[in-house]
Amino acid sequence: MADDPQRNFRSAYYEKVGFRGVEEKKSLEILLKDNPLDLEKLSTFSQRFPLPSMYRIHVWKVLLGILPPHSDSHALVGGYRKEQYQDILEALEVMRYINSSTPSTHVYLRMFQLESQTLPRCSETSPPDEENEDFLSISRAMEEIVDDPVDCYWLVKCFVNQYHTKFGDSVPHLPKSLEHYLSQEEPRLLNHLKNSGALHQLPYNLWFRCCFAGCLPESSLQRVWDKVISGSCKILVFVALEILLSYKIILMGINRPEGMVKFLCNIPQENTDAIVTKAIDLWHKYSGTLIHAI
Amino acid sequence: MSREQASISELLLSLDSSELQEAERVRAAVNQQLSTDKGGAVLSSVVEYYLDSSSSQALLLLSSIREPHHKVLLEKLNESVSRSGTRLGALTLLGHLIRKQPPWVHHISRSPLLLSLLRCLKTDSDVVVLITGVLVLVTLLPMIPQAGKQHINDFFDVFGRLASRSCKNPGHEPVAHLVHLHAGTYSLFHRLYGMFPCSFISYLRLHYSMKENLDTFQEVVKPMLEHVRVHPELVTGTQDYELDPSRWRCYEVHDIVIECSRVSLDPLESSCEEDICSSSCSLITPLPLTPLPHLDLTCSPPVTDAVSSSGSSVCPLGSRCVPQLNLNTCTQPDDVTWSPALHCGLSTPPSERTALGSTHPLSRSTSMSGEKLPSSASILEAPPTKEPDRSQVRMVKDGEGLTCQPITEGEEQGLSDLVNNNRQDVKDESQQPSPRLITSTPTQASGVPLPPCFTTPHPRFEEPGSALSDYSPSSPYDPLFELALPRAAMLFVGKKTQEVLEKKGGGPQRENREEEVTSVSPLKVLDQLIARGNNAHDCLSRRLSAGSKSVDRSHSGGKQQSMKSKGSTQEEELQSLTNQLLLVHAQLQYERFKRQQHAIRNRRLLRRVINATTLEEQSAAMKSQLGVQDEEIRSLRASLDEEQRRYSALQRDTHTRSGQLHTHIAHLLQLQRDEQRESQRLQGELQECQSRLQDLEAELQKANYRAYNAEHQLTQLSVKLCSSEQLHQQMFLLNQQLVLLGETNKALQQQLEGGETQRCTEASMLQCSVGKEFLRLKDNDVQQRQKLEAANHRITELESQQARKDQLILSQKKLLEDTKNQNRVELSASESRCAALRRVTQALQTEMLQLYGQIAGGGAHPNGELQDVSRSDSGALPDAQGSQKSLLPFSSAVGIMNGAVEVLSTSPVSLSLSPIDSPLAVGSFLEQRARQLFRPTDQNQEEEEEVEVGEEEVNVQPASPPLGQEVEEASLPVGSPQTEPLSQAADPIVAPVDLTLAVQQRRHELSIMDYDETLPDI
């Protein structure tokens, strides 16, 4: 499509005027019209452009493998998924793990535990540990994004699974790379963090394990997750970096590490969209060559 | 600490023991303690010991104090000086210490000790202390010249006080003390004037311009001023400059002492070394002689004086010359009247002559002889100088011999005793020259009689002298005299000669002397005092050795007797004697210090002399070398001339030879040129010949060519000839053939005319068949071409078909793949669903089993062991076994059993359980042990299938009968535990059940040992 000069001109024009995503929507529609869907193209698209919200859930499901690339079997697989969901739900209800008053996130957690064979005995249910908390916060965020509980459960489950299998190795290195990029962008802030001892107490768990679930509002969060689902966990580093840069002045004013962590855990929700946009730009800037290579 | 104190005091007591080794050992011990002393306790105890006993050993110890301990010592001394009881001892000790010049001596300038010393000198009234203190101060000053900056006024105050004190004598001290005090003041005067002349003079000007101090000035200070010359610093220096500590930086102690004595005119105080140096340097004296005067002059002042005056008054006897002689010869020629002419050996300058001439006949004669002789024999000085000395001495002796008059002088002056007589002599000598030299002084004009030392003695002398005997002042020194050995002896000898001189030639000499002699220095007075004392002591000892007790006849005896008779005054006498002893000792120490400084100085000068000598020797050697080398140069120059001459001759020779050779060469060249011309001519000829030869050769070749050509033409012609002959023959043959052919032609034509028609039909038929054949082939060709076209068409058609087919296949394959993928995805979805279902099932199973366990536990153990039973998972075993029993009657019992057992450990059910629930993990040791014992050894291969089967069974059947059975069986062993071993042995089918039950049972029985009983028991 880059060969068509008219299109290029038009997209550039749109871009200039500020309507981003007009062209993208069309190209996404073209992509979605393919019958076996090209997952690679889809993920590249998702990495490069923001997803239109009307296709977002569909694209996520495809990318996460909840729906097969063949659109013919979508109905069948969707049915399977739904049945599986219901089976598990019923079993849990039967086993009295859940009842109608159980919050849906906990339901998802139990289901997830059941599927991953980590369901504790009914009599030994313990308060959710850290991993479960991550799951819960992710599922809370997902619940806001997705309406259908079946889709929601499947998205959460596959998101968590994919995140762990794909990025389980690289997550521990993310704080290091955050430090690296921070040293390039704003060494003064890094020094401040280092000196105050807050560098190691930053809410890495919130950022890199919950993928900012509960930290950013969902409208911004889904744009971050677009990138995560399409295969890049680096974006998390840049979102964290952009958060630090945006609230640099406030952070420089705080000397105690506890105060910083507290502030970072509860950042104001107003201009997160801008933060995310800037973070994505930054991410493109730092890994632009990489994306074009793909 | 106290022990140490005690030990140190003991040690100190034994320090002065008579045994040398003991004392040595003790000293080493104390030394060791001193070096390790921290707080200074040892040091202060040693100081106190010294103050108590004035032990020389303690002094030795204290003088070896090292740097870090000096502070304590100084503090201690300061303390002692400020206490009046120990002041004298402390001052004596201080004097001893600083005379040793320890390395820390410069610290005194900053320590409070100096302040208290000055305070003591300014306030103390005890003259002994004052004298000791002032001597210490005089000794100390050159060591701490930089202290002048702060304390200069203190020094001057001390001087002023002492001067006024020695003048006025407020304490009515004995006159001997006053002599000492005066001497000490005199030394201080010299030191201060030598070191700080500007400040001192300004002080004097300021202090003695006051009216009340005028007396003191007249009597004390002015005579002192007569003994110094103008200090050069008074001209060049300023007060600030002379107080500048940096001025003293390159001075050593003896430098300062010599500096001070240089400005002194007093022979006892001054040193004339510089002049000697300069004179000896300026005089180009022969080498062996130069060291001699230096060595001589170092030994004693009089001798140096003698030498300095260019041998005019050398006393070869080694004894002291007449004092007035010294005064004349040494002071005046040294400083005032020295002129270069003296050294140059020229005629004496008139000024000196007049000065000397006016002074003394003796000195004049000596000076004249001393000057004349050098002029006559300019280089060899020493031998002639000896002669006038001798002559002079002879003259002096003559003088002595001539005027041998006993005690007349003293009587003439109206004084009674001998001592006073002699003193008076001296006094006269000192008194009477003063008008001559310092005519403007009011003393002389007003007739104020005497310098203080002589005015004051009179009453003092009269008191004891008139009361007791004549020799009272000299007697105290009798016992002392041995102590003051070398110097005193020398002084004594000098004094003796002087006395004799005076006594003998007093009358005639006095007239001469009176004109010139200045006021006598207090030191001399002191010397005389001591000498007189010694004299008296000598007399006394002689008398005593003689054993004669006739008191009246001898002065000393009389004095002694008078002392004995006066028992009441004896104590007082003893005290004063002790004081005087102390004073003499202090003076002696001071003199010894001065001597040491001079010795140091002399050593340095000697070293310089030696250096100079070696340098001179070197220069002489150099000079001789120079001579030798000059000689060498000269001879070399001569040989050079010779060589040059020879060289010029050779050159001339060479010139002629080369001229000859040149002509020869020219001749040869001429010859060569002729030869060359000849050879050129010949060569031209040769070339000419050669060209001619070439022409000939060319001609030859041309001829040859022509010959060859002709030959060739010849052969060609012969060949042509041959061929023409052959042609002739051929022509002939052809002609024959032609004839033959003509004949045959004729014959054939005849034949031809016969069969021409037959042949024509045949040809047409043939032609017709050929045409037909041609047509037929043409048709065939067309046909073939069409066929080919059709085949080609067909081929393309088939190919396109094939391509379509391929495409189709590809699309089919793709579709297939697609579908496969789709199906795979779907399958995976359904598989995931299946897995999820399985998980659900497992969970349900777990739940169910738990419920079973609860039920079973509730039936078997209503007492509350429910949890334990359900946890131990024993419920699963009978359940599975029971179901299998009912469904699989054909499988072997053991297999079932094993399978059942294996189900326990490997089935997903147990997997889904937490490990703590597995029976194998149950912590009780007994249980584990039992399990190990009863566990079957062989593994079942059908395990997995059975697991599945069991699983299905579990799923399908909620199985109340097994539950009942289990309950039944569980209740059985509880009821009859004694059947257990029997059933185990007999029936292997029942065995595992029994075993587990037995285990259970055992656990119940041994529930105490169940370490796993962590769950809350109801």
Side-chain angles (χ1 to χ4, degrees), chain A residues 34-39 61-98 107-108 110-126 150 153-154 157-158 161-162, chain B residues 811 813-854 857 866-871 873 907-918 955 958 1014-1018:
Chain A
D34 291 349
N35 188 358
L37 296 168
D38 195 334
L39 288 180
K61 275 158 110 180
V62 172
L63 285 178
L64 288 174
I66 300 165
L67 288 180
H70 304 273
S71 43
D72 298 342
S73 51
H74 277 185
L76 179 70
V77 173
Y80 281 153
R81 301 300 188 204
K82 191 167 184 178
E83 279 168 24
Q84 184 176 342
Y85 172 79
Q86 276 165 359
D87 286 342
I88 298 170
L89 192 68
E90 276 166 23
L92 284 173
E93 272 174 6
V94 164
M95 287 186 284
R96 310 283 168 80
Y97 277 99
I98 55 172
V107 173
Y108 299 150
R110 292 292 173 215
M111 292 169 77
F112 181 72
Q113 281 176 336
L114 178 67
E115 282 207 74
S116 56
Q117 295 184 336
T118 54
L119 185 67
R121 296 282 290 274
C122 200
S123 51
E124 295 161 6
T125 45
S126 51
V150 182
Y153 166 67
W154 275 101
K157 176 192 161 186
C158 292
N161 275 339
Q162 192 210 41
Chain B
S811 66
K813 263 186 187 167
K814 202 179 165 198
L815 190 66
L816 187 64
E817 192 67 26
D818 220 19
T819 323
K820 246 163 79 182
N821 280 339
Q822 187 179 349
N823 286 333
R824 197 179 296 140
V825 173
E826 284 171 14
L827 189 64
S828 72
S830 73
E831 262 175 9
S832 86
R833 190 184 156 212
C834 186
L837 280 174
R838 244 164 78 181
R839 305 275 149 73
V840 168
T841 319
Q842 284 167 13
L844 284 171
Q845 272 177 349
T846 319
E847 203 62 29
M848 198 163 62
L849 288 174
Q850 197 178 351
L851 291 173
Y852 278 145
Q854 279 178 9
L866 181 131
Q867 288 286 353
D868 201 3
V869 174
S870 70
R871 257 179 57 243
D873 224 325
S907 79
V909 179
S910 64
L911 273 177
S912 71
L913 294 171
S914 65
I916 205 164
D917 292 335
S918 150
N955 286 340
T1014 50
L1015 287 167
D1017 271 3
I1018 301 152

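As the structure is a computational prediction, the values presented were derived from the model and not from experiment. Excluded from the calculations below are hydrogen atoms, water molecules and symmetry mates; all remaining heavy atoms, backbone and side chain alike, are included. Every chain is numbered from 1, with letters handed out A, B, ... down the list of sequences.
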Atom pair CZ (B:R839) and CG (A:D87), whose distance is rounded to the nearest 0.5 Å: 13.5 Å
As a quick check of understanding, evaluate side chain to side chain contact (heavy atoms under 4.5 Å, CB included) for A:Q117 and B:Q842, giving each step before the final call. CA-CA 9 Å; A:Q117 295 184 336; B:Q842 284 167 13; 3.5 Å; yes
Pairwise distance OG(A:S73) to CG(B:L827) - rounded to 0.5 angstrom: 11.5 Å
To the nearest 0.5 Å, how far apart are CD in A:E115 and CZ in B:R838? 13.0 Å
Consider only side-chain N and O atoms of B:S832 and A:R81, and report whether a donor and an acceptor are under 3.5 Å apart. yes
Which distance, rounded to the nearest 0.5 Å, do you find between the CD1 of A:I88 and the CZ of B:R833? 10.0 Å
Residue pair B:V840 / A:A91: nearest heavy atoms and the distance that separates them: CG1-CB, 2.7 Å
Contact part of B:L837 toward chain A, heavy-atom cut-off under 4.5 Å: side chain, backbone, both or neither? side chain
How long is the gap from NE2 on A:H74 to CD on B:E826, to the nearest 0.5 Å? 10.0 Å
May I ask you to check whether A:H70 and B:N821 show a side-chain donor-acceptor distance below 3.5 Å? no
When only pairs under 4.5 Å are counted, which of A:Q84, A:E90, A:E83 shares the most heavy-atom pairs with chain B? A:Q84
